[in-house]
**Q** 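This is the structure, below, for whatever I ask next.
The structure presented is a predicted model; accordingly, all values stated were derived computationally and were not measured.
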Amino acid sequence: MSDSIVNSAKSVHILFLPSGLGVGQMVPFFRLASMLASHRCRITFITMLLEISTTNSSFVSNFFANHPEINRLDFQILPLNTSTSPINDPFIMQIDAISNSLHQLAPLVSLNEPVSAIVSDFILASSLSQIANNLNIPLYNISTTSAKFYSTVAYLPVLLSKDPAAFKYCSSNLEIPGIGSVPKSSIPRSWLDDSQTNYVLKAYLLPNARALPQVTGVFLNTFPWFEPETIAALDDGRVTSSLPLVFPVGPVGHYKLGEDSQCSWLDEQPAESVVYVSFGTREPISSQQLREIGKGLEICGYKFLWVLKEELQELFENTVLEEMEKKGKIMKAGDYEEAIMDHPAIGLFVNQCEWDSVMNAAWSGVPILAWPQHGDQKLNAEAVEKAGLGRWVEEWGWGEENLVNGGRIAEMVKNLMGDVNMKVNAMKVREQARKAKEIGGSSEKRLRKFIETLKSEQK
């Protein structure tokens with residue numbers, strides 16, 4: 001550990017305030033909190049208490065049990081009066097409920113020791129920036145996507161101020177200063193939906209993007225070697241000069257969050273012989289497509305480990321599952337991606353390019369077969385392919401656009417499992433990811449800059 005970090009962090013107290021929109025959204029906060037606590041920063045972690053929140057899971061409890069040095073405070077969210085709101089999207093409703101409760105934060109903060117910084121979600125930037133300013137505490141955000149998609153979102157206020165209907169009649173690429181073109185085909189579908197019931201762009205992204213100039217800094221789970229042009233453009237203020245500082249400190253993914261869940265089945269498999277398939281727990285994959293994925297895995301000629309939600313396993317008849325498990329293993333979803341990815345038996349990762357998973361693959365040097373499903377994932381897949389970590393099959397489109405048959409999936413898996421050059425490139429990514437986290441590496445330097453900035457502001 002760097003002595004300069006240890007010495008500069010002794011009186012730094014950081015308040016983590018995640019929105020608690022599911023365990024997946026909490027993981028980056030847990031990892032960064034664990035990372036800063038290991039550098040002797042004092043951490044207070046506020047957990048949201050809300051009926052539709054999942055923060056009261058065993059995963060959350062295990063994190064605090066394994067990190068007694070991190071203080072936990074529960075924050076009660078006030079119920080939202082849904083009868084007066086035209087919005088029925090549960091995601092937006094939860095954000096509104098949290099935003100309407102943040103006025104309770106001031107007395108909570110004042111009851112505890114002085115706070116050096118608040119670290120929160122991008123989705124709370126607009127509602128939390130003024131509160132943080134009133135408390136005279138700098139606000140930092142955690143971005144849970146690639147630097148390129150973050151840049152695209154950050155540029156939205158400029159883009160839409162020039163043309164409020166930029167997405168309604170979008171017929172060409174978006175041009176973003178310092179970043180280049182974003183193809184229309186990579187723009188999230190929700191941005192192109194101009195219906196009255198779609199609040200994603202207007203009620204969620206745009207207000208928070210407009211609040212970014214009031215945010216002091218943004219943590220990015222990436223590293224300059226992986227996205228060099230984009231991070232350089234953000235550092236130089238070329239995207240837009242009003243954006244906050246960025247702190248690319250990734251891959252933020254190898255800090256112990258709890259007990260590792262090992263799969264003993266993997267221990268029995270040869271090195272780089274298993275295809276790991278996981279599309280998370282919320283992807284909009286049709287039952288037809290899931291069955292085709294199953295067919296592809298059966299005929300690809302390689303053992304596979306497929307993580308599926310329990311309810312999705314019910315799509316397959318017991319006899320089909322029995323036949324599939326002769327050639328691979330189907331597991332229920334759980335928090336063990338890092339343990340699986342780091343296992344020497346894994347030779348390929350089939351994934352939608354959720355960014356946290358991308359960084360896990362980068363850390364472990366596992367090639368990715370990128371199959372974006374929605375949102376930021378096409379731009380994430382572009383970054384994966386550009387860095388040499390894997391292959392993006394663009395003609396498959398968004399996950400819901402085309403039905404890709406099992407034979408095509410099997411063919412692509414076989415090609416990539418046998419691609420020696422891609423494996424070599426993925427190991428180069430692994431080497432660079434680990435260099436970034438070493439003392440003197442790019443991520444370690446950015447973390448030290450953050451801690452030393454807080455220390456200097458307290459003098």
Side-chain angles (χ1 to χ4, degrees), residues 14-19 21 25 28-29 32 91-92 95-96 98-99 102 105 117-164 166-167 174-180 182 187-188 190-191 199-222 227 229-250 252 355 375-376 379-380 446 449-450 453-454 457:
I14 304 167
L15 184 72
F16 276 73
L17 182 65
S19 62
L21 295 171
Q25 200 75 11
F29 285 86
L32 184 60
F91 181 77
I92 302 297
I95 296 170
D96 285 348
I98 293 169
S99 298
L102 287 176
L105 185 64
I118 297 173
V119 177
S120 188
D121 303 59
F122 165 79
I123 58 177
L124 297 182
S126 62
S127 52
L128 194 53
S129 56
Q130 187 57 54
I131 293 170
N133 184 61
N134 292 342
L135 292 169
N136 198 28
I137 301 173
L139 175 64
Y140 291 79
N141 281 172
I142 290 181
S143 170
T144 57
T145 186
S146 59
K148 184 158 187 177
F149 191 79
Y150 162 76
S151 302
T152 305
V153 171
Y155 189 66
L156 282 176
V158 177
L159 177 70
L160 294 176
S161 67
K162 294 178 180 176
D163 180 7
F167 295 113
L174 297 181
E175 297 297 329
I176 301 177
I179 303 299
V182 175
I187 297 170
S190 61
W191 296 13
Y199 299 94
V200 173
L201 184 64
K202 295 175 183 175
Y204 164 45
L205 289 175
L206 192 55
N208 290 302
R210 285 174 175 153
L212 281 173
Q214 282 73 57
V215 173
T216 303
V218 175
F219 289 100
L220 301 174
N221 184 15
T222 188
E227 298 184 85
E229 297 91 352
T230 305
I231 291 175
L234 288 167
D235 283 340
D236 297 344
R238 279 178 281 151
V239 177
T240 172
S241 59
S242 61
L243 291 182
L245 294 172
V246 291
F247 294 88
V249 294
V252 184
W355 192 250
D376 62 345
L379 289 186
N380 295 353
R446 299 280 184 143
K449 178 182 178 181
F450 166 69
T453 298
L454 296 187
E457 289 173 351

**Q** Nearest heavy-atom pair of Ile98 and Ser19: which atoms, and what distance?
**A**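 Closest approach of Ile98 to Ser19: CD1-O, 3.2 Å.
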**Q** With a 4.5 Å cut-off on side-chain heavy atoms, are Asn141 and Asn208 touching?
**A**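 Counting from C-beta outward, Asn208 and Asn141 never come under 4.5 Å.
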**Q** To the closest 0.5 Å, what do you measure between CD1 (Ile118) and CD1 (Ile14)?
**A**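 Ile118 CD1 to Ile14 CD1: 11.5 Å, rounded to 0.5 Å.
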**Q** What's the separation between atom CG in Leu102 and atom CD in Gln130, rounded to the nearest 0.5 Å?
**A**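 Interatomic distance, Leu102 CG to Gln130 CD, rounded to 0.5 Å: 12.5 Å.
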**Q** Check for a donor-acceptor pair, side chain of Ser120 on one end and backbone N or O of Leu17 on the other, with a separation under 3.5 Å.
**A**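 Flag set: sc Ser120 to bb Leu17 pair under 3.5 Å.
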**Q** Under the criterion side chain to side chain contact (heavy atoms under 4.5 Å, CB included), I'd like the reasoning laid out for Tyr150 against Val246: C-alpha separation, chi angles, the key distance, then a yes or no.
**A** CA-CA 10 Å; Tyr150 162 76; Val246 291; 4.1 Å; yes
**Q** Mind checking whether Ile123 and Tyr204 have side chains closer than 4.5 Å, heavy atoms only?
**A**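 A side-chain contact exists here, since the closest heavy-atom pair is under 4.5 Å.
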**Q** Please examine the side chains of Leu206 and Pro157, heavy atoms only from C-beta on, and report whether any two atoms are closer than 4.5 Å.
**A**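 Yes - at least one pair of side-chain heavy atoms lies under 4.5 Å apart.
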**Q** Answer whether the closest heavy-atom distance between the side chains of Phe122 and Thr144 falls below 4.5 Å.
**A**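 SC-SC contact between Phe122 and Thr144 ruled out.
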**Q** Do Val218 and Leu234 have side chains that approach each other closer than 4.5 Å (heavy atoms only, starting at C-beta)?
**A**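 Val218 does not reach Leu234 side chain to side chain.
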**Q** Using a cut-off of 6.0 Å, state whether more than 12 heavy atoms not belonging to Asp236 lie near its atom CG.
**A**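 Count over threshold, so yes.
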**Q** For Arg238 versus Glu229, what's the shortest heavy-atom pair and its separation?
**A**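 Closest heavy-atom pair between Arg238 and Glu229: NH2-O, 4.4 Å.
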**Q** Please report the interatomic distance CD(Glu227) to CG(Leu220), rounded to the nearest 0.5 Å.
**A**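 So the gap between those two atoms works out to 8.0 Å.
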**Q** Which heavy-atom pair separates Leu32 from Val252 by the least distance, and what is that distance?
**A**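 So the minimum-distance heavy-atom pair works out to N-CG1, 3.8 Å.
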**Q** Under 3.5 Å, is there a donor-acceptor pair between the side chain of Trp191 and the main chain of Phe167?
**A**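 A pair under 3.5 Å: no.
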**Q** Could you tell me the separation between the OG1 atom of Thr453 and the CG atom of Leu245, rounded to the nearest 0.5 Å?
**A**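 It is 7.5 Å, given to the nearest 0.5 Å.
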**Q** Are Leu201 and Leu156 side-chain neighbours, meaning at least one heavy-atom pair lies under 4.5 Å?
**A**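 They are in contact (side-chain heavy atoms under 4.5 Å apart), so the answer is yes.
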**Q** With ring pair (Phe, Tyr, Trp, His ring centres under 6.0 Å) as the test, pick out the partner of Phe219 among Phe247, Phe29, Phe16.
**A**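 Single ring pair (Phe, Tyr, Trp, His ring centres under 6.0 Å) partner of Phe219 among Phe247, Phe29, Phe16: Phe247.
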**Q** If you round to the nearest 0.5 Å, how far is CD1 of Ile137 from CG of Leu128?
**A**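 Those atoms lie 9.5 Å apart.
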**Q** If you apply the rule side chain to side chain contact (heavy atoms under 4.5 Å, CB included), what do you find for Thr222 with Thr230, and how did you get there?
**A** CA-CA 11 Å; Thr222 188; Thr230 305; over 6 Å; no
**Q** Between CG of Leu124 and OG of Ser99, what distance do you get to the nearest 0.5 Å?
**A**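 Rounded to the nearest 0.5 Å, the CG-OG separation comes to 5.5 Å.
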**Q** Apply side chain to side chain contact (heavy atoms under 4.5 Å, CB included) to the pair Tyr155 and Leu174, showing each step before the final yes or no.
**A** CA-CA 10 Å; Tyr155 189 66; Leu174 297 181; over 6 Å; no
**Q** Grab the two heavy atoms, one from Ser129 and one from Ala211, that are nearest each other, plus how far apart they are.
**A**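 Taking Ser129 first and Ala211 second, the nearest heavy atoms are OG-CB, 4.3 Å.
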**Q** Where do Asn380 and Ser146 come nearest, in terms of heavy atoms and distance?
**A**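 Looks like OD1-OG, 2.7 Å.
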**Q** Could you check Phe450 against Val249 for side chain to side chain contact (heavy atoms under 4.5 Å, CB included), going step by step and ending with a plain yes or no?
**A** CA-CA 10 Å; Phe450 166 69; Val249 294; over 6 Å; no
**Q** Looking at side-chain heavy atoms only, is the closest gap between Pro244 and Thr216 below 4.5 Å?
**A**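 Of all side-chain heavy-atom pairs linking Thr216 with Pro244, none is under 4.5 Å.
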**Q** Please name the pair of heavy atoms, one in Ser161 and one in Val158, separated by the smallest distance, quoted to 0.1 Å.
**A**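 So the minimum-distance heavy-atom pair works out to OG-O, 2.7 Å.
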